[in-house]
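Data first, discussion second: the structure below is written as structure tokens.
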Amino acid sequence: MLEIKERNPFSNLVLEVLDDPSKKEMIFYFLCYSQLVRREGSFHVELEKFLSCAYRNFKNNRHYWKDVMVEMNLFVISDLYGNLYTGKDIYKVDEGGIYMVSLRKDYVYLFDSISYKALKLWNILSRTGTYRKHMTAQDAVFVSALLFNDGLYEELKGYCEVCVERYQLESSYFRALGWLSEVYLEPSTKAHQKLKAVLSELQNLSGVYYGVNILKLRRDVEVALGRVERGKGIETIKLEFVNYKRKGEGLLSRLFLKFKGFLRGLFNREDKNRLYALEGALCIKNSRTLYIN
């Protein structure tokens, strides 16, 4: 089980899902809540509507909804008499009654930011196609690169802290990416020192590392360091993935890999369609100003 440091519930939720992608339904829970809030114009939505949306994807697991909401620790349920149920008290809720679901009041002001990040994370998890309980080091490198490219620097920083301890052979990569995230989170705080530390860690990695183009990343960081030394701002860096054909790979092997990729595309298409539908409903596809560092 992932050891969680003292963070807010959403940050904890992100780390739990990244650590165990089979829990990605928790992100879908929040997307359903966000969709209903925007549709109905209220932070209080009917529990039955909420569950109907959430279990469009997870119909066979509806009886686990209390477990999921308790673990998320982001919601409050209220009844007609003003009673509030949060944390483990949610187990006392009778599903046959009339209840409302709302976000915990200390996170209402972060609603737009969390909605934006949740949608980004759902997209990333859908693209990875990783549904097994535990991620490999290669999975973690790929997911962390997607987090970085999507600008989820705060979430990536926490994830890299976990990965440094878990994947010690890959610690240089995760330390480098964690420090690079800090440069964007706090651009005016020790940027020069952090960029030099990033370059030092990248020197320990091969030119192509689990498909990530480290050579290009080094050049980009060197350019960023030069801009800092001249007193200029840092431009956004994107990680690049390198596709290469393995030596000795025969025709049948290549055909098999293409067929496997085609099948994966079919399975992913359903997730992508759901994502695009949610983007339209949430009205945040082009609202990058919702992101809060």
Side-chain angles (χ1 to χ4, degrees), residues 2-19 107 110 112-114 116-121 123-125 135 137 139-205 209-241 288-293:
L2 178 64
E3 182 180 352
I4 300 295
K5 296 181 180 180
E6 189 64 28
R7 298 182 175 95
N8 67 63
F10 182 74
S11 294
N12 287 347
L13 171 62
V14 170
L15 289 179
E16 283 286 350
V17 173
L18 290 174
D19 184 64
Y107 292 100
L110 291 175
D112 287 338
S113 174
I114 295 177
Y116 178 71
K117 292 180 179 182
L119 186 58
K120 286 275 192 179
L121 185 58
N123 190 15
I124 288 172
L125 292 170
M135 299 181 71
D139 294 330
V141 168
F142 182 58
V143 168
S144 63
L146 294 179
L147 289 169
F148 182 82
N149 284 350
D150 273 354
L152 298 179
Y153 303 122
E154 184 176 354
E155 290 67 33
L156 175 59
K157 178 184 174 183
Y159 186 53
C160 284
E161 291 173 357
V162 173
C163 290
V164 164
E165 300 298 326
R166 173 160 297 170
Y167 309 108
Q168 295 187 9
L169 293 178
E170 289 75 22
S171 60
S172 287
Y173 167 84
F174 290 113
R175 272 196 294 268
L177 213 55
W179 285 331
L180 194 53
S181 297
E182 290 183 16
V183 170
Y184 288 104
L185 286 171
E186 302 173 1
S188 61
T189 305
K190 300 181 179 178
H192 184 272
Q193 178 182 336
K194 290 175 182 176
L195 288 172
K196 293 191 71 173
V198 170
L199 283 175
S200 178
E201 294 292 348
L202 292 179
Q203 294 301 322
N204 299 324
L205 305 179
Y209 190 75
Y210 288 110
V212 176
N213 190 338
I214 298 299
L215 287 176
K216 178 180 180 297
L217 179 57
R218 288 177 194 158
R219 291 194 296 268
D220 290 342
V221 174
E222 288 170 352
V223 170
L225 181 59
R227 290 182 63 87
V228 169
E229 290 174 343
R230 295 192 300 273
K232 296 183 178 180
I234 302 174
E235 297 179 345
T236 301
I237 294 175
K238 297 290 185 181
L239 298 186
E240 181 181 275
F241 295 99
R288 293 188 175 274
T289 55
L290 294 178
Y291 178 74
I292 300 176
N293 284 336

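Being a predicted model, the structure only gives us computed values, none of them experimental.
Put simply, the side chain of Arg227 gets close to the backbone of Gly233: a donor and an acceptor are under 3.5 Å apart. Not a single donor-acceptor pair under 3.5 Å links the side chain of Asp150 to the backbone N or O of Leu152. Remark: the backbone N or O of Leu199 is not paired with any side-chain donor or acceptor of Arg218 at under 3.5 angstrom. Side-chain atoms of Tyr184 come within 3.5 Å of backbone atoms of Ile237 as a donor-acceptor pair (strictly under, hydrogens ignored). Side chain of Lys238 to backbone of Asn149: a donor-acceptor contact under 3.5 angstrom is found.
Nearest approach of Ala145 to Val212, heavy atoms of both residues: CB-CG2, 4.4 Å. When all heavy atoms of Ala140 and Cys163 are compared, the pair lying nearest together is CB-SG, 4.2 Å.
Rounding to the nearest 0.5 Å places CG of Leu121 at 6.5 Å from CG of Leu147. Between the OG atom in Ser171 and the CZ atom in Arg166 there is a gap of 14.5 Å [rounded to 0.5 Å]. Atoms CD and NZ, on Glu240 and Lys216 in that order, are 5.5 Å from each other to the nearest 0.5 Å. Separation of atoms OG (Ser181) and CD (Glu161) is listed at 10.0 Å; rounding is to 0.5 Å. Between the OG atom in Ser11 and the CD atom in Glu155 there is a gap of 5.5 Å [rounded to 0.5 Å]. Interatomic distance, NZ of Lys194 versus CG of Leu185, reported as 8.5 Å (0.5 Å rounding).
For Lys190, the NZ atom is loosely surrounded, since the number of other residues' heavy atoms within 6.0 Å does not exceed 12.
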### Query
Can Val198 and Leu177 be said to form a side-chain contact (heavy atoms from CB on, under 4.5 Å), step by step?
CA-CA 7 Å; Val198 170; Leu177 213 55; over 6 Å; no
### Task
Go through the steps to decide whether Leu195 and Leu180 satisfy the test side-chain contact (heavy atoms from CB on, under 4.5 Å), and finish with yes or no.
CA-CA 7 Å; Leu195 288 172; Leu180 194 53; 3.8 Å; yes
#### Entry: Steps toward side-chain contact (heavy atoms from CB on, under 4.5 Å) verdict (Trp179, Val183)
CA-CA 6 Å; Trp179 285 331; Val183 170; 5.8 Å; no
### Message
Under the criterion side-chain contact (heavy atoms from CB on, under 4.5 Å), I'd like the reasoning laid out for Phe174 against Tyr167: C-alpha separation, chi angles, the key distance, then a yes or no.
### Response
CA-CA 9 Å; Phe174 290 113; Tyr167 309 108; 4.0 Å; yes
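Taking 4.5 Å as the limit, every side-chain heavy atom of Phe142 sits out of range of all side-chain heavy atoms of Ile124.
Looking at Tyr153 and Glu182, their side chains never bring a donor and an acceptor atom within 3.5 Å of each other. Ser144 and Tyr173 share a donor-acceptor pair across their side chains, judged by distance under 3.5 Å alone.
Ion pair Glu154/Lys117 flagged as a salt bridge, since at least one NZ, NE, NH1 or NH2 atom sits closer than 4.0 Å to an Asp/Glu carboxylate oxygen.
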